[in-house]
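Worksheet: the structure to be examined is printed underneath.
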Amino acid sequence: MPLPQQMRHVDLKSFGGPEVMQLATGPVPQPRPGEIIVEVEAAGVNRPDVAQRSGSYPPPKDASPILGLEVAGTVVALGEGVSGFTIGDKVCGLANGGGYAEYCALPEGQTLPFPEGYDAVKAAALPETFFTVWANLFQMAGLTEGESVLIHGGSSGIGTTAIQLARAFGADVYTTAGSAEKCDACQKLGAKRAINYREEDFVEVVKAETQGKGVDVILDMIGASYFDRNLSALAKDGCLSIIAFLGGAVAEKVNLSPIMVKRLTVTGSTMRPRTAEEKRAIRDELRDQVWPLLANGAVAPVIHSVLPFDQVVEAHRLMETSSHIGKIVLDLR
């Protein structure tokens, strides 16, 4: 069947708070070479969406200006050169934009089948966090079996994913969170020790837990306000991987000597500017190494709330409270 000409999507007429988002009607995207058009059944809500809405995270020039970076649904059209999927397939994927809409274009190299036994809501909770965690924790920081990792923001979508994947691949996991409830949730997911950062010093706890050694890897979304302490918490030859700046992007009066003395590596990345080839490589490793874990239940997305599409404003307000544990998903069905 031919695609409809119009669809509902979230319109962003100006930057600002959640209330600037409104549902509107606009043209359905047409597939470019290498793209798949998905009829969206569910879409994930992520921190980058909040940043784009507020004006601090612009989309690439060739991407849709519509918010939304992860979707799940049914393949309804294929662009020239697409060979790995067919019309009617159930897929989820990492969009370059355009996810808050009834139809979304996905690059083939950023698209994956639903894990066995998954529906659209569960599948939509996967792409953004799993791509990000796999790239930063495993590809860049090189976390391996037998090592230790400290994951900041353990109750977030990124955090709940990172805890499970690190544990599944044989690492000892420590994490920070902001309440007893969140710490309990992190430990149930596999963290060896969850640290309530409002009551404890994570450097002291990590040193005590590792007999003074420190952890091999830190996955950090806080940034400047934790930079100095992160260096202190790392073991020799450790790696600090920074993926966000919730605590600021400029670290002042930081003692850099631990980087030299302990031979530390400091790295970081954002997903959106990565090339199509880089994202395809992440996709391929996820499909081969992680999708079987999702299918057998060893790893699963933690979903805090599922809201109807027309409650996107409420979804962003919830995200900004940081009271959630896991993912927030919009249901378009």
Side-chain angles (χ1 to χ4, degrees), residues 129-154 156 158-177 186-187 189-195 197 200-271 274 278 281-282 285-286 288-290 293 299:
T129 57
F130 278 77
F131 270 75
T132 299
V133 170
W134 189 261
N136 288 277
L137 199 56
F138 295 93
Q139 289 185 337
M140 295 179 67
L143 183 68
T144 59
E145 183 178 1
E147 291 189 325
S148 57
V149 58
L150 172 62
I151 297 162
H152 289 304
S156 66
I158 291 287
T160 54
T161 297
I163 290 169
Q164 293 182 79
L165 285 181
R167 193 72 195 94
F169 285 93
D172 286 333
V173 181
Y174 304 95
T175 187
T176 60
C186 291
Q187 292 188 174
L189 290 172
K192 186 174 182 180
R193 174 76 153 83
I195 305 158
Y197 65 81
E200 301 177 284
D201 184 328
F202 70 80
V203 177
E204 293 179 359
V205 174
V206 162
K207 290 290 184 69
E209 290 283 334
T210 60
Q211 292 75 53
K213 174 177 176 277
V215 291
D216 298 299
V217 175
I218 296 176
L219 184 66
D220 177 52
M221 59 185 70
I222 307 302
S225 62
Y226 274 12
F227 190 75
D228 213 3
R229 296 160 68 198
N230 281 334
L231 298 183
S232 297
L234 280 168
K236 284 186 178 179
D237 299 306
C239 178
L240 169 61
S241 180
I242 302 171
I243 60 171
F245 300 117
L246 298 179
V250 179
E252 298 179 354
K253 298 181 180 179
V254 173
N255 179 8
L256 298 177
S257 61
I259 297 176
M260 297 177 66
V261 173
K262 296 197 286 185
R263 301 185 299 270
L264 304 179
T265 299
V266 179
T267 185
S269 73
T270 57
M271 185 58 60
R274 286 175 178 263
E278 290 170 333
I282 299 167
E285 290 187 15
L286 286 173
D288 295 342
Q289 299 189 53
V290 175
L293 299 177
V299 174

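Here the structure is a predicted model, which means the values were calculated and not measured.
- No side-chain heavy atom of Asp228 sits less than 4.5 Å from a side-chain heavy atom of Lys253.
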Using the side chain to side chain contact (heavy atoms under 4.5 Å, CB included) rule, take Glu252 and Val254 through it: C-alpha gap first, then chi angles, then the decisive distance, then the call.
CA-CA 6 Å; Glu252 298 179 354; Val254 173; over 6 Å; no

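- A 4.5 Å side-chain heavy-atom check between Phe169 and Leu293 finds at least one atom pair inside the cut-off.
- With no hydrogens or angles considered, no side-chain donor-acceptor pair links Asp220 and Ser241 at under 3.5 Å.
- To the nearest 0.5 Å, atom CG of residue Leu219 and atom CE of residue Met221 are 6.0 Å apart.
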Please lay out, stage by stage, how Val149 and Tyr174 fare under the test side chain to side chain contact (heavy atoms under 4.5 Å, CB included).
CA-CA 6 Å; Val149 58; Tyr174 304 95; over 6 Å; no

Apply side chain to side chain contact (heavy atoms under 4.5 Å, CB included) to the pair Glu285 and Gln139, showing each step before the final yes or no.
CA-CA 10 Å; Glu285 290 187 15; Gln139 289 185 337; 3.3 Å; yes

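- The heavy-atom pair separating Arg167 from Val173 by the smallest distance is N-CG2, 3.9 Å.
- At distances below 3.5 Å, not a single donor-acceptor pair connects side-chain atoms of Asp216 with backbone N or O atoms of Glu147.
- Residues Lys207 and Ala233 come closest through the heavy atom pair CE-CA, 4.5 Å.
- Taking both residues in full, the closest heavy atoms of Gly214 and Ser148 are given as O-OG, 3.9 Å, listed atom of the first, atom of the second, then distance.
- Of all non-hydrogen atoms in Gly154 and Thr175, the two that sit nearest each other are CA-OG1, 3.1 Å.
- Here the CD1-OG1 distance, from Ile282 to Thr132, works out to 8.0 Å after rounding to the nearest 0.5 Å.
- Atom CG of Leu234 sits about 9.5 Å away from atom CD1 of Ile259, to the nearest 0.5 Å.
- Of the possible donor and acceptor atoms, none in the side chain of Thr176 sits under 3.5 Å from a partner among the backbone N and O of Ile195.
- By the 30° and 60° cut-offs, the orientation of the rings of His152 relative to Phe202 is perpendicular.
- Looking at Ser225 and Ile222, their side chains come closer than 4.5 Å, going by heavy atoms from C-beta outward.
- Between atom OG1 of residue Thr267 and atom CG of residue Leu240 there is a gap of 9.0 Å, rounded to the nearest 0.5 Å.
- Contact detail for Met271 and Ala135: the closest heavy-atom pair is CE-CB, 3.9 Å.
- Closest non-hydrogen pair, Val217 versus Leu143, comes out as CG2-CD1, 4.0 Å.
- Atom CZ of Phe131 and atom OG1 of Thr161 lie 13.0 Å apart (nearest 0.5 Å).
- For an aromatic pair to be called close, the ring centres must be under 6.0 Å apart, and Phe138 with Trp134 satisfies this.
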Determine whether Ile242 and Phe227 satisfy the following criterion, side chain to side chain contact (heavy atoms under 4.5 Å, CB included), listing intermediate values before the conclusion.
CA-CA 9 Å; Ile242 302 171; Phe227 190 75; 4.3 Å; yes

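- Here Leu231 contributes atom CG and Tyr226 contributes atom OH; the two are 14.5 Å apart, rounded to the nearest 0.5 Å.
- A heavy-atom distance below 4.5 Å is found between the side chains of Ile158 and Val133.
- Lys213 NZ: more than 12 foreign heavy atoms inside a 6.0 Å radius.
- Look at Arg193 and Glu200 and you find a salt bridge, because one of the NZ, NE, NH1 or NH2 atoms lies within 4.0 Å of a carboxylate O, short of that distance.
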